[in-house]
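Read through the structure below, which is laid out as structure tokens, and then see the notes.
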Protein chains: 2
Amino acid sequence: MAGNTASKGRPDLAAMIVPLGRALVAAELPVLRRHGLAMWAYAVLLRLDDPPVRTQAALARDIGADKTRIIGVLDDLEERGLIRRQPDPADRRARLLSLTPAGRQLRDTVQAAIQQREERLLARLPEEDRRGFLNALQALAALPPSEISGA
Amino acid sequence: MAGNTASKGRPDLAAMIVPLGRALVAAELPVLRRHGLAMWAYAVLLRLDDPPVRTQAALARDIGADKTRIIGVLDDLEERGLIRRQPDPADRRARLLSLTPAGRQLRDTVQAAIQQREERLLARLPEEDRRGFLNALQALAALPPSEISGA
DNA sequence: TATTGTTATACTCTATAACTATA
DNA sequence: TATAGTTATAGAGTATAACAATA
């Protein structure tokens, strides 16, 4: 019940969404730690899907991080055999990033556990609200951030 | 389009909500700066509604901040005549916090500008998704964070 | 002894700048 | 000259610890 107007109107979207995001992240952390993953490491595993990412900078941008910040994360994931960093034959400056089978398996395991918790939360919502919520969320998440920030 | 599974399933809620929250905050910042407000200052103005808050610590907890962190924020808001900090006669340790008329007016002005931008974003959604989205969001935002984190 | 508000300190996270190797 | 990746440094944000006043 934070950030509400006196009695009319609705709370700001951000005032509802940001705390909700914080709580969801807090819910994920124990699951991630159980699998030895930090939040950024999990974000990397999520992003590194079948089509290999072309550069580390692009990966960083996609997950909302800084290119300098994910280097340690990538080092760790590579050492643990969860991702591959192959030099791009076409441009030897770049590193092609991809999941190893072990990385994909870990990602699927962790994601299943996380989404299972999320489903318990969603189950509290009326069916039609839940459907609209997920539809809207996926639509908004698909927008480039600049469109939301109102470039 | 971040954090999606290969083809089946949906992205994690957190993977959609957190970036969305970041983008919404980024959209607010120019509006806030135009009115000389930092993000935490705005959060304080939002929380300080008609029933005065009993302690600074409670206020901090409500807006997801640390009690030590909002002190400077409160100092600034008080100096600018936007809030009052009155010693509680019943417990002279505590300070009763409330909005001044100027504070309420600024809050309303800023909130109107922010929600106007948000409405433009929501207008992109189909009517039924938008309704479900807002219903679900308000329901989830009303839950105590511990219920979401799955205490 | 516990709590409110405060200050000072330490720590984490994040961004900036500078370097290398390729192009 | 520009870019990918890397490293080192500096800055912002945040939490922790310690204090005085009151209960």
Side-chain angles (χ1 to χ4, degrees), chain A residues 14 18-19 21-23 25-26 28-29 32-33 37-44 47-48 51-79 83-98 145 149, chain B residues 14 18-19 21-23 25-26 28-30 32-33 36-44 47-48 52-79 83-98 145-146 149:
Chain A
V18 171
R22 268 202 287 257
V25 166
E28 288 190 7
L29 286 179
L32 292 175
R33 193 172 28 188
L37 287 177
M39 183 57 74
W40 284 118
Y42 180 57
V44 167
R47 177 63 190 83
L48 254 44
V53 176
R54 292 154 303 288
T55 72
Q56 296 182 184
L59 167 63
R61 254 180 275 121
D62 285 355
I63 65 177
D66 192 276
K67 67 170 180 171
T68 68
R69 220 163 58 213
I70 61 169
I71 291 177
V73 175
L74 296 177
D75 288 345
D76 179 60
L77 290 175
E78 192 181 24
E79 276 175 24
I83 68 167
R84 263 186 302 264
R85 260 202 286 204
Q86 299 165 305
D88 183 347
D91 182 345
R92 289 205 311 246
R93 295 173 303 182
R95 312 283 174 93
L96 296 171
L97 301 169
S98 56
S149 302
Chain B
V18 171
R22 269 201 287 258
V25 166
E28 287 189 7
L29 285 179
L32 292 175
R33 192 173 29 189
L37 287 177
M39 183 57 71
W40 285 118
Y42 180 56
V44 167
R47 178 62 191 81
L48 255 45
V53 176
R54 294 153 302 286
T55 72
Q56 295 182 183
L59 168 63
R61 254 181 274 119
D62 284 356
I63 65 176
D66 192 275
K67 68 170 179 171
T68 68
R69 219 162 60 214
I70 62 168
I71 291 178
V73 175
L74 296 177
D75 289 344
D76 179 60
L77 290 175
E78 192 181 24
E79 276 174 26
I83 68 169
R84 262 185 303 262
R85 258 200 290 202
Q86 298 164 305
D88 183 347
D91 181 346
R92 287 205 312 244
R93 295 174 302 181
R95 313 284 176 91
L96 295 171
L97 302 169
S98 57
S146 57
S149 302

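In the text below, chain A, chain B and the rest are named by the order of the sequence lines, each starting its count at 1. Just the heavy atoms: all of them, side chains too, but no hydrogens, waters or symmetry mates, feed the values below.
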Tell me: CD1 of B:Ile71 to C1' of C:dT4, nearest whole Å? 10 Å
More than 12 heavy atoms of other residues, nucleotides or ligands under 6.0 Å from CZ of B:Arg85: is that the case? yes
For DNA chain C, whose closest nucleotide is more 5', that of A:Gly64 or that of A:Asp88? A:Gly64
To the nearest 0.5 Å, how far apart are CD1 in A:Ile63 and CE in A:Met39? 11.5 Å
What's the closest nucleotide to the side chain of B:Thr68 if the choices are C:dT16, D:dT16, C:dG5? D:dT16
Please report the distance, rounded to the nearest Å, between CD in A:Gln86 and C1' in D:dG5. 16 Å
Here the pair of heavy atoms bringing A:Thr68 nearest to A:Asp66 is OG1-OD1, 2.8 Å
On a heavy-atom basis, the closest approach of A:Ala58 and A:Val53 is CB-CG1, 4.4 Å
To the nearest angstrom, the CE-C1' distance between A:Met39 and C:dT14 comes to 16 Å
DNA chain D contacts made by residues 90-98 of chain A, counting heavy atoms under 4.0 Å: A:Arg93, A:Ala94, A:Arg95
Do B:Pro145 and A:Arg22 have side-chain heavy atoms sitting under 4.5 Å apart? no
In whole Å, what is the span from the CD1 atom of B:Ile70 to the P atom of C:dG5? 8 Å
Has B:Trp40 got a side-chain N or O lying under 4.0 Å from the OP1 or OP2 atom of D:dT14? yes
Taken to the nearest whole Å, CZ/A:Arg22 to P/D:dT14 is 9 Å
Restricting to non-hydrogen atoms, name the atom on A:Ala41 and the atom on A:Val73 that form the minimum distance, rounded to 0.1 Å. CA-CG1, 3.6 Å
In whole angstrom, give the distance that lies between atom CD of B:Gln56 and atom P of D:dT22. 15 Å
Atom-pair distance (CG on A:Asp66; P on D:dA8), nearest Å: 16 Å
Round to the nearest Å and state the distance from B:Asp75 atom CG to C:dG5 atom P. 12 Å
Would you find more than 12 non-hydrogen atoms of other residues, nucleotides or ligands less than 6.0 Å from A:Arg54 atom CZ? no
Of the listed nucleotides D:dG5, C:dT6, C:dA17, the one nearest the side chain of B:Arg85: C:dT6
Would you please test B:Leu59 and B:Leu74 for side-chain contact (heavy atoms from CB on, under 4.5 Å) and show each step? CA-CA 11 Å; B:Leu59 168 63; B:Leu74 296 177; 4.0 Å; yes
Ignoring hydrogens, what is the shortest heavy-atom contact between A:Thr55 and A:Ala94? Give both atom names and the distance. CG2-CB, 4.1 Å
Rounding to the nearest 10°, end axes of the helix from C:dT1-D:dA23 to C:dA23-D:dT1 built from five pairs each make an angle of 10°
